[in-house]
Amino acid sequence: MSQIYDRVALIGLGLIASSMFWAIKRAGLAGEVTGYARSEATRDTARRIGLCDRVCDTAQEAVEGADLVVLCVPVGAMGAVAQDIAHMLKPGATVTDVGSVKRSVIEAVSPHIPEGVHFIPAHPLAGTEHSGPEAGFAELYDNRWCLLVPVEGSDPEAIAQLRALWEGMGANVDEMDADHHDLVLAVTSHAPHLIAYTMVGVADDLRRVTDSEVIKYSAAGFRDFTRIAASDPTMWRDVFLTNKDATLEILGRFTEELFALQRAIRTGDGEHLFDYFTRTRAIRRGIIDAGQDTDAPDFGRGKAGS
């Protein structure tokens, strides 16, 4: 794969940014990758493990001269970061992000993008329950989807260039409208995470009664819940606060479905339960057939070196 950008700046050095760096290096997609994290400890870790060609002590230093700037911070912080770096952005550069919510990010970041700089929001649908700079690995994006969400007036050449980067990192790329993105992700990610957090919270209450048996005898289903619920708390707090309308809509529908299942169990309606479980089982099979999961843990991927 040929070089796509001369210099890429990663602002925030957690799992997503770290994996981007290793994937970029694997394919030779950038001449230099700079990085910045707010925490000095994170910057020290990044330097120790060789994450980024140059780790900077300020975001402004990291983005200076960059052709692509990637905001890899929680969605609630993106507006402030964009304001902080705006005066250092190179004319003709592209600013993108990796946030799980798009409408609120566009509203927070767009006002700070200078004229002559391209803003193309994005969202890679990839991750694990691990976080931090040491959690990243080059294969994270292989055969995962990355959604580009161009804003009005986005430059087609800048979009094509960003698409080429994600494809070079191994991702499948599609484009989507911001509001539709937020609704789709409320179904596929945001509501499931909230349900997982809730189920683990209920189990924690029960554990106090059952003398830790919930943990000791965890079955596969509960282990999957705990994996999801182990995700970064700051990131998910911001996701729910910034995509509240779509998430609440999906949770309302979930509640209706749950009441219907409660009624079927209470009345002994086995036919309803069987038909419902058969339909949902087919959805699971479709996900596997689409290559978006395997029977192996961690979505069939291991961390680098494992």
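Under 4.0 Å is where a charged nitrogen must lie from a carboxylate oxygen, and between K90 and E64 no such pair does. A salt bridge does not link D174 with R144: none of the charged nitrogens is closer than 4.0 Å to a carboxylate oxygen. D97 has a carboxylate O that lies under 4.0 Å from a charged side-chain N of K102, or vice versa, which qualifies the two as a salt bridge. A salt bridge links D53 to K25: one of the charged nitrogens lies within less than 4.0 Å of a carboxylate oxygen. With respect to the salt-bridge test (charged N to carboxylate O, under 4.0 angstrom), the residues D182 and R103 do not qualify.
Considering only heavy atoms from C-beta on, I16 comes within 4.5 Å of P124 through its side chain. A 4.5 Å side-chain heavy-atom check between D44 and T42 finds every atom pair outside the cut-off. Looking only at side-chain heavy atoms (C-beta outward), L29 and Y5 stay at 4.5 Å or farther from each other. Q60 has its side chain within reach of H87: a pair of non-hydrogen atoms, C-beta onward, lies under 4.5 Å apart. Contact check for L68 versus T96: side-chain heavy atoms found under the 4.5 Å cut-off. Side-chain contact between E175 and R163: present, with at least one pair of heavy atoms (C-beta onward) separated by less than 4.5 Å.
In this structure T94 satisfies the side chain to side chain donor-acceptor pair (under 3.5 Å) test with no other residue, sequence neighbours excluded. Qualifying ring pair (Phe, Tyr, Trp, His ring centres under 6.0 Å) partners for H118, counting only residues two or more places apart in sequence or in other chains: none.
The side-chain hydrogen bond (donor to acceptor under 3.5 Å, both in side chains) analysis of residues 265-276, with sequence neighbours excluded, yields the pairs E257-Y276.
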